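Structure, as structure tokens:
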Amino acid sequence: MPFGYHGRWLEVDLQTASAQEHELSKEVLCQYIGGVGLGVWLMLQLEAWRWAALEPEAPLALVFSPLVSSPLTTSAKFAVVGRSPLTNRINDSLASSTFALVGKQTGYDALVLRGAARELSLVVVEPQGVQVIPVPELAGCSCEQTQAEVRRRLGPEFAVLAVGPAGERGIAFATLSHQGRHAGRGGSGAVLGAKGVKALAVRGQQRVRWARPKVLTQLARKLAQLAQGPQTAKYRQLGTLANMAVFNRLGLLPAENFQKGSSPAATALSVEQLQPQTLQVRESCQVCNIGCDHRYTLQEDQPGVRLEYESAYALGPLCGISDPQTVLWAARFCDHWGLDTISTGATVAFAMECVQRGWLKEPWLQFGRPEALRRALELMVRRQGVGELLALGTRAMAEQLGPEALAIAPQVKGLELPGYELRRLPAAALAMAVATRGADHNRTSAYEVDFSPQPPENDNELVQRLIWHEDRAAVMDSLILCKFLRGVFEDFFASASEMLWATTGWHFTAGGLHQVARRIITARKLFNILCGWQPQEDTLPERFFTQGTSTAGPLSRQRFERLKRLYYLQRGWTPEGWIPWQQLEHLGLAQFGLLCTQEAETSEPLGS
Amino acid sequence: MVTVELFGTARLCSGVSQVEVQPGSLQEVLCQLEHRLPQLRGVCIRQGKLLPGYMVNINGQRFTRDPHYRVGPGDVVLLLSADAGGA
Ligand code: SF4
């Protein structure tokens, strides 16, 4: 057994309630590390691109990593990787806490679910084996109720990942939830729901060995100290909601479905206003000494609601809502039902603009009306009336409403946009257009290039820096460490090498880790190509090129296209974004590219 | 005059959202701010220098941490966390 890993993964067939173990070679682990990296390798290995996201055979992987169960702060995380029902492309999302720790103790580096259960079921993975237990009585239970009930039945030593009613009902942006944290983006909750799985419970006691335990303890101490430094102060003191007032002031806060770049709603929803007015608690994921999770409540008898900037932006200004009570209610509603807050808010905001333009006949659904947001969410989760349309997400909705609607749908590749006014942020705009999982701020953080005190001197440098941010994110998401640590490292790649040496005993140079990142990012792209990716997908909503806001002019299409081409070339791809054979071979991905050749019966489907 | 707008921790710990100071280098501007709002000392500024984790934006356009940056009359300085963005 290699240090830091178990060296195997488990494939669970839900239909037959059976499981099969598979080895993980040192070569694969060195090439993909864990988390999202190992997840995309599994998806290629299992040829997941053959099935649509909600087909029973489509695999869904829960992937741990070499750092999980180490004392390194923020390392208790796992990745959920599969195909997204929103984008039909690769999807990877992260969640935290006990499920990662106990999940790894099952003795596997990844659990992959395939097939579908005959009825709503609970999947149990423990040392005695795998069980698929029918639980029709849990239908309609919220994420928290489901976790509590499963632990009551099985015992407190189990960690439980649950699907809310939104996942059961196939809402395209349903989440997977564990201890109040969600693998939120891209609709993995709908994938598990389509498999008839209400919850997955894990228990185990198999621990991994560390290559250099003393060094690991020293590194953990140092990292914990850094995590208490000024670079994470914002997260500890304020949480991500600190972005609200700043983005609004800078004209970067998307409002009313990206028609505006600032909003009067921001003041009431800002941390500066909410902190002194509300009762708050601060919580943290397991094995984390930052604790960015700020929960707000406006009334003593109500439970605290976790309010991130992204949730507040989408359920607030994007829908024109300024009432904190309504936004907290909506965030709580999403947690309870298992809905991604960004996609939920963006879908309602998009519908509001469609009503404004007369494309949708729901006159009550107006910007700025708290009761309209509440009613829209209720209809969405019940899939009643306009809720049937809302449950699809913005791109599928727009496809039903017509090409004009598609031009204003706030999405890339079908995934709804996070809270950045991209017309003022060229690096973030490019990063979101080319991101493999769709509109994505978490797989790149390229906005840091736009916010940098040392702005890039030219477009070449802008793209170079964007790629560095993408590479860093690919490694962080594979190790896995929380992104909120990203500012504490003087040299992230050197620190990551040290951590991998202490946990696995393997030597990675900084250059070697960049190569790992390149492989992971290219593997995701390859997966998308195998799913049918076309160059025109790497773009932004048409309105960004034709309409400005009071805070920003439209993006120059010419410059955007030039940046995109530079990005592809710097990644070693063709000017249109295809992957040359040479690169597939160089990165050890040719075996997967070959599948594509055989299917398409052409000699160069991926190359220039 | 120069307007300094405070965000996040700077506003919460001082209770002030905006202050007017004299033009000068960024360091001189921040020295005046520190003098007026001593609660900020050691939190985000020390001796007119930004502590790690903080930066400023000038007129909603340019981000900087450069103490020599010339802040002119009519300029607006936003005092921010350096870690803008995030999930
Ligand atoms: S910083 Fe926040 S999100 Fe990251 S591990 Fe800690 S509590 Fe979880």
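A note on names: the letters A, B, ... follow the listed sequences, proteins ahead of strands, and every chain is numbered from 1. Since the model is a prediction, treat every value here as computed from it, not as a measurement.
Note: A/Tyr420 and A/Tyr447 have parallel aromatic rings, judged against thresholds of 30 and 60 degrees for the angle between ring planes. The aromatic rings of A/Phe247 and A/Phe451 are tilted relative to each other, their planes meeting at an angle between 30° and 60°.
Heavy atoms of B/Ser81 lying under 4.5 Å from chain A belong exclusively to its side chain. With a 4.5 Å cut-off on non-hydrogen atoms, A/Glu272 touches chain B through its backbone and its side chain both. The parts of B/Arg65 that come within reach of chain A are both its backbone and its side chain, each placing non-hydrogen atoms under 4.5 angstrom from that chain. Heavy atoms of A/Thr551 lying under 4.5 Å from chain B are absent altogether. Contact of B/Val43 with chain A is not made at all, since no heavy-atom distance falls under 4.5 Å. With a 4.5 angstrom heavy-atom cutoff, A/Gln231 touches chain B via backbone and side-chain atoms both.
With no hydrogens or angles considered, no side-chain donor-acceptor pair links B/Ser14 and B/Arg36 at under 3.5 Å. Between the side chains of A/Tyr235 and B/Asp83, at least one donor N or O sits under 3.5 Å from an acceptor N or O. For the residue pair A/Asn289 / A/Thr73, a side-chain donor-acceptor distance below 3.5 Å is found, with atom types taken as modelled.
Using a cut-off of 4.0 Å between Lys/Arg side-chain N and Asp/Glu carboxylate O, A/Asp477 and A/Lys77 are scored as not salt-bridged. Looking at A/Arg443 and A/Asp92, a side-chain N of the basic residue comes within less than 4.0 Å of a carboxylate O on the acidic one, giving a salt bridge.
The shortest side-chain heavy-atom distance between A/Arg472 and A/Glu448 falls under the 4.5 Å cut-off.
By a heavy-atom distance cut of under 4.5 Å, not one residue of residues 20-31 of chain B is near chain A.
Interface remark: of the candidates B/Thr9, B/Asn59, B/Thr64, B/Thr9 forms the most heavy-atom pairs closer than 4.5 Å to chain A. Between chain B and the residues A/Ala242, A/Ala245, A/Gly239, the most heavy-atom pairs under 4.5 angstrom are made by A/Ala245.
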Throw together a table of side-chain donor-acceptor distances under 3.5 angstrom for residues 44-52 of chain B, partners on residues two or more places apart or in other chains.
none

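Under a 3.5 Å cut-off, the side chain of A/Gln179 and the backbone N or O of A/Ser96 do not form any donor-acceptor pair.
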